[in-house]
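As structure tokens, the structure follows; a few thoughts come after it.
Residue numbering restarts at 1 for every chain, and letters A, B, ... go by the order of the sequence lines. On a predicted model such as this, the values are computed, not experimentally measured, just so you know.
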Amino acid sequence: MPELAAPLVEWYRENARDLPWRRPGFGAWGVLVSEFMLQQTPVNRVIPHLEAWLERWPTPADLAAAPPADAVRQWANLGYPRRALWLHRAAVEIRDRHDGVVPRDVDALLALTGIGDYTARAVAVFAYGDRHPVVDTNTRRVLARAIDGRSQPGPPSRRDLEAMTAILPDDVETAAVVNAAAMELGATVCIARIPRCDACPLRDRCAWRAAGYPDTGDERRKQAKYEGSDRQVRGAVLKTLRDAASHAVPLLEVVPDWPDPQQRDRAIDSLIADGLAEASDGLLRLPA
DNA sequence: TATGCGTGGGT
DNA sequence: TACCCAAGCAT
């Protein structure tokens with residue numbers, strides 16, 4: 001296997017974006033919040049919301065003391081609002097189980113609501129500087145191309161962690177940079193649609209490039225159509241609740257003109273089941 | 001392992 | 001215009 005770490009590190013030193021969570025002393029809580037927001041939401045949309053969030057809730061205990069409704073409202077239009085609920089639960093867990101301090105141990109992080117393989121290691125590495133493989137969708141694409149000679153990565157797998165571990169240097173600080181560099185390269189150069197191989201530090205050792213850019217197919221599942229979907233109704237219902245000045249909306253006034261009333265009612269039920277809404281006395285509201 | 005889960009910008 | 005895509009997670 002070609003040596004990938006050295007060119008990645010050199011490239012990252014020159015080309016890393018200046019992002020808020022990379023500032024020295026940003027703090028583990030800030031990193032954790034940023035990672036929650038970055039789960040499936042682009043960087044540029046996250047930044048303003050992250051800053052507002054941390055200004056309002058500078059510590060896990062501050063968020064834990066607020067009602068979940070405030071978290072869901074502050075989440076605004078970032079998407080996947082369950083993440084707001086999960087982040088709030090994680091804050092409560094951090095307060096109750098870790099004395100209000102974001103844990104450093106990967107297994108302790110994994111035990112928090114809303115934190116999986118990626119986020120746990122991202123916090124341990126980027127907030128605390130420990131040595132673990134951090135693998136996100138960008139890294140998986142970079143490794144799939146550079147090492148496996150494929151155009152796109154397959155579905156996420158635990159093998160991804162092993163593949164990243166294989167290129168991680170022993171030095172702790174350099175290992176963190178390699179993790180960040182692989183993600184950054186995938187986010188800005190080795191992008192999904194039209195990669196900018198002329199700007200890639202791995203171009204001379206990339207298996208995919210060497211093989212002539214074969215289209216190996218895309219094993220990832222396609223996103224379901226959004227128009228007319230349950231997700232779209234859920235989003236409309238939740239937006240109504242977020243925007244309600246009175247913090248409660250008569251059920252009859254919740255997305256009243258949706259073309260499929262039964263679908264809308266199912267969506268309301270599912271939001272209640274998820275803990276994102278509460279119903280009483282014919283009113284719907286965010287969770288207190 | 002496969003599926004459901006928001007929202008908006010890019011092409 | 002219709003896709004495609006985005007630092008995943010829980011079930």
Quote, to the nearest angstrom, the P distance that separates B:dG8 from C:dC9.
-> 23 Å

Just how far, in rounded Å, is C1' of B:dT7 from CE of A:M37?
-> 14 Å

What parts of residues 252-269 of chain A reach DNA chain C, counting only heavy atoms under 4.0 Å away?
-> none

Return the set of residues passing ring-ring contact (aromatic ring centres under 6.0 Å, His included) with A:Y213 (not counting sequence neighbours), or none when no residue passes.
-> A:W208

Whole-angstrom distance between C:dA7 and B:dT3, as gauged at atom P | 22 Å

What is the distance from NE2 of A:H49 to P of B:dG6, rounded to the nearest Å?
-> 16 Å

Return the residues of residues 74-81 of chain A meeting this criterion: a heavy atom under 4.0 Å from some atom of DNA chain B. Order them by number, or give none.
-> A:N77, A:L78, A:G79, A:Y80, A:P81

Which residues pass the side chain to side chain contact (heavy atoms under 4.5 Å, CB included) test with A:A248, sequence neighbours left out?
-> A:L283, A:R285

With A:W57, which residues qualify under ring-ring contact (aromatic ring centres under 6.0 Å, His included), at least two apart?
-> A:W53

Is there a donor-acceptor pair under 3.5 Å between the side chain of A:H88 and the backbone N or O of A:A66?
-> yes

Just the endpoints, please: which first and last nucleotides of DNA chain C, 5' to 3', lie under 4.0 Å from a heavy atom of chain A?
-> C:dC4 to C:dA10

Is it true that A:I272 and A:L276 fall in one hydrophobic cluster, defined by side-chain heavy atoms closer than 4.5 Å?
-> yes

Pair listing, salt bridge (charged side-chain N to carboxylate O under 4.0 Å, His left out) test, anchored in residues 104-128 of chain A, at least two apart = A:R104-A:D130, A:D117-A:R121, A:D117-A:R158

Which salt bridge (charged side-chain N to carboxylate O under 4.0 Å, His left out) pairs, counting each pair once, include a residue from residues 16-29 of chain A, with sequence neighbours left out?
-> A:R17-A:E184, A:R22-A:E184

Donor-acceptor contact below 3.5 Å, side chain A:R196 vs main chain A:T188 | yes

Is there a residue in residues 121-140 of chain A whose heavy atoms reach under 4.0 Å of DNA chain B, and which residues are they?
-> none

Would you mind listing every salt bridge (charged side-chain N to carboxylate O under 4.0 Å, His left out) that reaches into residues 29-49 of chain A, with sequence neighbours excluded?
-> none

Give A:L271 one of three labels, base, sugar-phosphate or nothing, depending on what nucleic acid heavy atoms sit under 4.0 Å from its own.
-> nothing

First of A:G114 and A:R193 reached from the 5' end of DNA chain C, by closest nucleotide = A:R193

Spacing of A:L238 atom CG relative to B:dT7 atom C1', expressed in whole Å = 12 Å

Sugar-phosphate, base or nothing in reach of A:R242, heavy atoms under 4.0 Å | sugar-phosphate

Pick the nucleotide of DNA chain C nearest each of A:L38 and A:W86; which residue has the one closer to the 5' end?
-> A:L38

Of all of residues 40-48 of chain A, which get a heavy atom below 4.0 angstrom from DNA chain B, listed by number?
-> A:Q40, A:T41, A:R45

Does any N or O in the side chain of A:D160 come within less than 3.5 Å of the main-chain N or O of A:V135, such that one atom is a donor and the other an acceptor?
-> no

With sequence neighbours excluded, tell me which residues meet side chain to side chain contact (heavy atoms under 4.5 Å, CB included) with A:V177.
-> A:V9, A:Y12, A:R13

